[in-house]
Amino acid sequence: MIKIISIAGARPNFMKIAPLMEAFGQHPDIEPMLVHTGQHYDERMSDLFFRQLGIPEPDVNLGIGSASHAVQTAEIMKAFEPVVLEEKPDAVLVVGDVNSTIACGLVAVKLGIKLIHVEAGLRSFDRAMPEEVNRVLTDCISDLMFCTEKSGLENLRNEGVAEERFYLVGNVMIDTLLKNKAKADESKILDELSLTAGEYATLTMHRPSNVDDPVVFGRLLDALEVIQRDMPIVFPIHPRTRNNLPKLGLADRVAAMSNLILIEPAGYLDFLKLTSSAKLVLTDSGGIQEETTVLKVPCITMRENTERPITIEMGSNQLVGTDPEKILQAYRNVVEGKLPEGQLPEMWDGKAAQRIAKILAEKL
Ligand code: UD1
C-alpha cells in the first residue's frame, strides 16, 4: 500500500482535494490520509465545502488560522512536521498555490518524503503575487507534478524540470464542477435573491493587490457603480474584502450602490448556481476563470496577468486589469454579444483525479 497524506488548507483547495480523496479511496493500492491546516476556518469558508463535496473528515486538523505570511507558514510547518514523523507516509500531496501548499511541501521534502504537486507549472510571472512565489517554490521541490494546461508543461520545461516528472492530466477542480453541476442547478439561491438567470452579474474580489489598496479598490468601484445601474451584481464577499471596506473608508460607497447585492461567502453549490446562471462574471480569482470557461459564461478578470492563459486562448475569459474604462469596455463586449463562446481545454473532462491516482500507483 502507498500511504499518501493530502493537504487541504484554504477554500480553493477543497474542490481540488474532493475528487482526489475519492479516487484515492477507490484505488486498491493507495491508503489516503487527509490533513487540514486550518488556514481557512470559518464555517462558510471551510466546513460547508467539506459537507457539500462529501470530503472525508480530516484525519488531523492543524488549526492554524490567520496570521502574517511568515507566521502562518511557519506555524503550519511546525504543526505538520510531527504528523509526518508519526505517520511516515510514502508521499505528501499538495494542491494549488496557497501558504498551506508551500508550508507542507517544505516539511515533506526536508524529511525526505516524496512531494506531489497538483496544479503545477502555472505562472503569472508576477512575483508580487504571494501565490506566484508559492507556485514557483513548490514546483522547485516537487518530485511529481500534475498540470492542468499546456502552458504548465512549457513553464516547467523552461525551468529545466525533467520530462518524466510532470504530466498533463486535466483539472481536478473541473472534476468537482462536472460532478456537482446537476445538484447545483437545484439551488434556490436565485429565488432567494430575486435574481433572474441571464440578467445579473456575479462578482468576486479578494486579491490583496485589489482590495488592500484604497486607490485600486476605489477604481474598481468606479466601474462597478456603472455596471450595477445596468444590471444587478451579486457579490459573495470574502472576509478579507469585507474587513477592508471600513478600514479603507469605502463602506459608504458600497452601501450606496442599490443594485450591488452583498452576501456572505456562498457555499459551493450556491456559488456554482450563481456563476452558471449569470450573464457574466467579474473576478480576480484564479479558479473562477477556469470554471467560467467550462460553463461558457463570459468572465472579466480584473487583474494585470493570469497564470491560466488557456482560459483566454480557448475559454470565455477577458483579462482587463483594473482600469475602469477597460472593465466597462469588456462589459459592453459581453452585453453586445461580441465574444465567441469558447471551447473546452484538453482533458477537462471530469477524470483528472482518476488519471492522477493511476499514475501515482504506477510511479510510487
Ligand atoms: C488565501 C490564499 C489565496 C486564495 C484565497 C481564497 C494565500 C497566500 N492566499 O487568501 O491564494 O485565493 O485564500 O480565499 O494562501 N479570514 C476569515 N475567515 C477565514 C479565513 C480568513 O475571516 O476562514 C480572514 C482573516 O481576516 C484573514 C484574511 O481573511 O486574515 C485573509 O485570509 P488568508 O488565509 O491569510 O488569505 P486569503 O486572502 O484568504
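Every number for a ligand or one of its atoms is a count from 1 in the order of the listing.
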### Task
Flag the pair K363 and E164 as a salt bridge only when some basic side-chain nitrogen lies within less than 4.0 angstrom of an acidic carboxylate oxygen.
no
### Query
Hey, is D212 close enough to R240 for a salt bridge, meaning N to O under 4.0 Å?
yes
### Message
Taking distance alone, with N or O pairs closer than 3.5 Å, would you say N134 contacts ligand 1?
### Response
no
Any donor-acceptor N/O pair, [X] side chain to [Y] backbone, under 3.5 Å:
X: H206; Y: H238; answer: no
X: R165; Y: S142; answer: yes
X: D284; Y: R207; answer: yes

### Query
Which residue, E132, E304, R308, forms the side-chain hydrogen bond (donor to acceptor under 3.5 Å, both in side chains) with S124?
E132
Tell me which part of [X] gets within contact of ligand 1: side chain, backbone, both or neither, using heavy atoms under 4.0 Å.
X: M45; result: side chain
X: E131; result: side chain
X: P12; result: side chain

Nearest neighbour in protein (non-hydrogen) for [atom]:
atom: atom 2 (C) of ligand 1; result: V98 CG1, 3.7 Å
atom: atom 27 (C) of ligand 1; result: S66 OG, 3.2 Å
atom: atom 17 (C) of ligand 1; result: Y41 OH, 3.3 Å
atom: atom 8 (C) of ligand 1; result: N99 OD1, 3.3 Å
atom: atom 18 (N) of ligand 1; result: D42 OD2, 2.9 Å

Enumerated ligand 1 atoms positioned under 4.0 Å from heavy atoms of [X]:
X: H69; answer: 8 (C)
X: R240; answer: 29 (O), 31 (C), 36 (O), 38 (O)
X: P239; answer: 16 (N), 17 (C), 18 (N), 22 (O), 24 (C)
X: N243; answer: 26 (O)

I'd like the name of whichever of [options] reaches closest to [atom] through any heavy atom.
atom: atom 20 (C) of ligand 1; options: H40, R207, R242, R44; answer: H40
atom: atom 4 (C) of ligand 1; options: H238, H206, R11; answer: H206
atom: atom 35 (O) of ligand 1; options: E132, R135, Q72, M129; answer: Q72

### Message
Please tell me whether H36 and F50 form a close aromatic pair, meaning their ring centres lie under 6.0 Å apart.
### Response
yes
#### Entry: Steps toward salt bridge (charged side-chain N to carboxylate O under 4.0 Å, His left out) verdict (K16, E119)
CA-CA 9 Å; K16 298 169 192 166; E119 201 186 86; 2.9 Å; yes
### Message
Under the criterion salt bridge (charged side-chain N to carboxylate O under 4.0 Å, His left out), I'd like the reasoning laid out for D230 against K279: C-alpha separation, chi angles, the key distance, then a yes or no.
### Response
CA-CA 12 Å; D230 214 26; K279 175 80 181 167; over 6 Å; no
### Task
For N259 and Y200, run side-chain hydrogen bond (donor to acceptor under 3.5 Å, both in side chains): C-alpha distance rounded to whole Å, both residues' side-chain angles, the deciding distance at 0.1 Å, then the answer.
CA-CA 10 Å; N259 236 356; Y200 68 92; over 6 Å; no
